[in-house]
Amino acid sequence: MRITDLLKKQSIALSVSVKDKSEAIDTLVDLHTRSGNLNDAAVYKEGILAREQMGTTAIGMEVAIPHAKSEAVKAPALSAITVPNGVDYGAPDGQPCKLIFMIAATLDGDVHLEVLARLMQMLMHEDFTAKLKAAKTADEFMKIIDEQETAQFPEEAAAPAAPKKEGYRVLAVTACPTGIAHTYMAAESLAKAGEKMGITIKVETNGSGGAKNVLTAEEIANCDGIIIAADKNVETARFNGKPVYSTKVADGIHKPEELINKIVNGEAPVFHSDKKVEASAGGGNESFGRQLYKHLMNGVSHMLPFVVAGGIFIAIAFLIDTFAGNAGSADFGSVNQVAAWFKTIGGVAFNLMVPILAGFIAMSIADRPGLLVGLVGGFLATAGATFPLPGGDIPSGFLGGLLAGFVGGYMMLGIEKMCSKFPRALEGIKPVLVYPLLGLGGVAVLMCAINPIMGWINTGMTNVLKSMADSGLIIPLCALLAGMMAIDMGGPFNKAAYVFATGMLASQTEAAYMIMAAVMIGGMVPPIAIALSTTFFKSRWTDEERRNAPVNYIMGLSFITEGAIPYAAGHPLQVIPSCIVGSAAAGALSAIFQCKLMAPHGGVFVFATMQGTWMFYILALLIGAVLGMIMLAILKRPIDKK
C-alpha cells in the first residue's frame with residue numbers, strides 16, 4: 001500500500017501555527033475528522049494520547065509520526081501538517097518538529113506498522129523532508145511524496161494497475177419544490193454531460209411521484225462522489241463519508257460539466273452525517289441564505305398537493321352551485337348538497353395547508369423532532385391561539401405558519417443541544433418524551449405570544465388587498481406578480497411570486513383568487529410565446545430549436561414555465577424581456593377581466609373551475625403570448641444561414 005493511497009488532499013494543512021504538542025494533535029485529529037476517516041474523534045484521540053504517554057513519537061530531524069490503532073477509525077488513513085516555526089514535541093534530539101504525520105489504523109491488521117516503516121525509510125532522506133516542509137500546496141505535497149516513493153520503491157511502480165472500479169463514477173440527486181420540470185431537466189442535462197465527457201453517471205430524481213432511479217448502497221460506496229442539485233432537502237445520511245457537492249437545481253441544468261468536474265477533480269467536501277449538520281447545511285458548502293431557501297421550499301413542496309387538491313375541490317363546489325342556479329346565494333358553494341360535500345372536503349385539505357408548510361419547514365431544519373413543533377405551531381397559527389384563548393381567537397395564517405416553521409425548527413435544534421449532556425441511560429427517552437414535551441411547550445408559548453402581532457399584520461395585508469381590488473390597484477399588482485413569473489422561470493423571483501399567491505389563497509378573498517389567476521397566466525405565457533415564435537418566425541431559430549419547440553405549447557398550457565428555460569439560456573437578452581412583457585400584460589388583463597382562480601396549478605385543465613368568464617382568461621393568455629412573440633421577433637434578428 002502506497003502512502004498516497006492513505007493521504008487525501010483534505011487531510012493536509014500547510015504552514016500552520018500551533019503553540020504546543022496538544023494543539024498539534026488536535027489539528028491533526030481534526031484533519032482526519034474533516035476527511036471522513038473517523039467514526040468518533042474523541043475515542044481516536046484517546047488512543048493517540050495513550051501512545052504518547054508511552055513515549056514521544058517524535059523521531060528527530062524535526063519530524064514526528066503520532067499513530068494509534070482504534071475502533072473509531074473507518075479505514076487506514078494519514079493526516080499531515082507543516083509547522084514553519086516548529087513545535088516542541090519532546091523529540092530525542094531536542095529539536096522542534098516542523099513536519100508531522102498522524103497515522104489512523106483499524107484494529108484488524110498492522111497497516112499502521114507498514115506505513116510507519118515506509119515513512120521512516122523515506123523521511124531518512126533530508127532533501128525529501130526539506131521539500132515537504134517547503135511545499136506551498138497540498139497537490140505539491142502529494143507529488144513530492146509520490147515521486148520519492150516511486151524512486152525508493154521502484155518495484156511497485158512496475159506493478160500492474162489496479163482493476164478498474166466497477167459501477168458509476170459519479171452519482172447525482174436532482175429535486176425541485178414541485179418535482180415536475182426542473183428535477184427531470186437537471187437529470188437529463190447531467191446524464192448527457194456525463195456521456196459527452198466519458199464519465200459514468202447515475203442520477204436519482206426526487207420528483208412529485210417519489211424518488212426514481214434510486215441510488216443503491218453499493219453504488220454509493222463505489223463512486224467518486226455525489227452531486228446534489230436540489231432546491232429542497234433530500235436524504236443525505238446515506239452519503240456519510242463521501243465527497244458531496246450541493247447546489248441549486250438550476251446549476252444541474254446549466255452547468256452539468258462544471259458539477260461533474262467538481263467530483264472528478266476532488267474539489268467536493270467530504271460529507272459527515274450529523275443530523276444537525278445534515279438538516280441545516282445540506283452538502284456542507286451552502287450559504288445560510290441558501291439553507292433558508294431550501295427549508296422554505298421543502299415546506300412548500302409538501303404543502304402544494306393540499307393546496308392544489310383542496311383548491312380544485314372548492315372550485316368544483318362553486319361550479320356545481322353555479323350550474324344549479326345558486327350563484328347569488330349567501331351560502332354560494334354550499335347550497336347544493338353535492339357542492340357542500342366538495343366544499344367541505346376541499347376545506348379540510350385547505351385548512352391543513354399552513355400546518356403542513358410549518359411542519360415540513362421545521363422538519364427540514366431539525367429532522368424528525370422538528371415535525372411535532374412545526375405541525376402544532378402551524379395549527380396554532382391557523383386557529384389563532386392566544387394566552388387567554390388557547391382554543392383560538394386571532395389567526396395569524398400563512399405568515400404565522402412560516403414563523404412557526406422556522407423559529408420552531410431552530411428552537412428544536414437548541415433543545416437537542418441543551419439535552420446533549422444528559423446521561424447515556426436517558427438517550428432512549430429523549431426523542432419520545434423530552435423533545436416532544438419541551439418542543440410542545442416552547443411552540444405553544446411562542447405562538448400564543450406572536451399570534452396577536454402576526455394576526456394584526458395578516459389582517460392588514462388582507463384589508464390592503466381588498467382595498468386594492470376595490471380601487472383598481474389590484475391590476476398593477478397582478479401585472480407585477482405575473483411578470484415575476486417570467487424573470488427566471490422557476491428561480492427565486494418565480495418562486496417568490498408563486499409562494500405569495502398560494503399563501504394568500506388561505507384568506508379565501510376575491511383579491512387572493514385574482515392574484516392566483518394572474519400568477520398562473522404569467523407562468524403559462526413564456527413557453528407559448530416561444531412556441532408561437534418558432535412557428536411564425538422560423539428564420540429567428542435554428543433547426544434544432546424549431547424541432548424541440550412544439551412541446552412548449554403543451555408545457556405552457558399545463559402551467560410548466562420551465563419549457564422556456566433552454567431558449568432563455570441561449571438567448572437571454574431577447575427571450576427574457578419579451579416573456580416578462582407578455583406575462584405582465586396577460587396578468588393585467590386577467591385582473592381587468594375579473595378572473596378568479598382557486599386552483600394553484602393545472603393550467604388549462606382547471607380553467608373550467610374559474611370564477612368569472614374563462615373565455616376572457618384564454619383571451620388574456622392569447623394576447624400575452626402574442627405580445628411576447630411579437631416583441632421577440634423585434635429583438636431577435638433572423639439567423640444568418642451562412
Side-chain angles (χ1 to χ4, degrees), residues 176 178 180-186 188-189 192 231 248-256 258 478-498 518-590 603 620-641:
C176 65
T178 54
I180 296 175
H182 276 72
T183 299
Y184 302 101
M185 293 170 70
E188 181 68 14
S189 183
K192 284 184 177 179
D231 284 343
K248 55 190 177 184
V249 70
D251 285 349
I253 299 171
H254 304 303
K255 304 176 183 177
E258 181 181 323
C478 287
L480 172 64
L481 292 171
M484 287 174 65
M485 293 294 289
I487 292 176
D488 48 7
M489 303 172 191
F493 283 99
N494 176 286
K495 289 293 186 294
Y498 186 67
V519 164
M520 183 179 288
I521 206 171
M524 295 171 70
V525 163
I528 298 175
I530 288 168
L532 287 171
S533 180
T534 60
T535 301
F536 295 103
F537 294 92
K538 292 182 172 63
S539 63
R540 267 76 170 172
W541 307 96
T542 65
D543 292 340
E544 183 180 1
E545 287 171 333
R546 290 200 306 273
R547 279 196 305 270
N548 295 331
V551 72
N552 270 1
Y553 284 115
I554 299 172
M555 296 183 78
L557 291 172
S558 302
F559 185 41
I560 301 176
T561 317
E562 290 84 352
I565 288 177
Y567 298 86
H571 316 281
L573 297 180
Q574 295 81 27
V575 171
I576 294 176
S578 302
C579 290
I580 291 174
V581 170
S583 292
L589 288 171
S590 171
L621 175 63
L622 182 61
I623 292 173
V626 169
L627 181 59
M629 174 195 71
I630 293 171
M631 187 170 174
L632 190 52
I634 295 170
L635 294 178
K636 194 173 188 307
R637 299 174 64 84
I639 295 174
D640 186 351
K641 296 300 182 181

Would you compute the distance between atom CD1 of Ile528 and atom CD1 of Ile521 and round it to the nearest 0.5 angstrom? 8.5 Å
In terms of heavy-atom contacts, Pro256 and Ser189 come closest through CG-OG, 3.3 Å
With sequence neighbours left out, the residues meeting side chain to side chain contact (heavy atoms under 4.5 Å, CB included) with Ile623 are Leu589, Leu619
Could you walk me through whether Arg547 and Trp541 satisfy the side-chain contact (heavy atoms from CB on, under 4.5 Å) test, starting with their C-alpha distance in whole Å, then the side-chain angles of each, then the deciding distance to 0.1 Å, before giving a yes or no? CA-CA 10 Å; Arg547 279 196 305 270; Trp541 307 96; over 6 Å; no
Checking Phe537 now: which residues fulfil side chain to side chain contact (heavy atoms under 4.5 Å, CB included) with it, not counting sequence neighbours? Ser533, Arg540, Met629, Ala633
Looking at every non-hydrogen atom in both residues, tell me the closest pair between Leu621 and Leu557 and how far apart they are. CD2-CD2, 4.3 Å
Separation between CG of Asp231 and CG of Asp251, rounded to the nearest 0.5 Å: 9.0 Å
Minimum heavy-atom distance Ile530-Ala564, with the two atoms named: CD1-CB, 3.5 Å
Return the minimal non-hydrogen interatomic distance between Asn552 and Pro527, and the atom names on each side. CB-O, 3.3 Å
Show me the side-chain donor-acceptor pairs of residues 577-585 shorter than 3.5 Å, one per line, residues at least two apart or across chains.
residue, atom, partner, partner atom, Å
Ser578, OG, Gln574, O, 2.7
Ser578, OG, Leu632, N, 3.3
Ser583, OG, Gly522, O, 2.8
Ser583, OG, Cys579, O, 3.0

Is Tyr567 reaching over with its side chain to a backbone N or O of Ala531, donor-acceptor style, under 3.5 angstrom? no
Just say parallel, tilted or perpendicular for the rings of Phe559 and Tyr498, cut-offs at 30° and 60°. tilted
Could you measure the distance from the CD atom of Glu545 to the NZ atom of Lys538? Nearest 0.5 Å is fine. 14.0 Å
Shortest non-hydrogen separation from Val519 to Ala497 and the atoms involved: CG2-O, 4.0 Å
Main chain of Thr535, side chain of Arg546: is a donor-acceptor contact present, judged purely on distance under 3.5 Å? no
Shortest non-hydrogen pair, Ser590 vs Ala620, comes out as N-CB, 4.0 Å
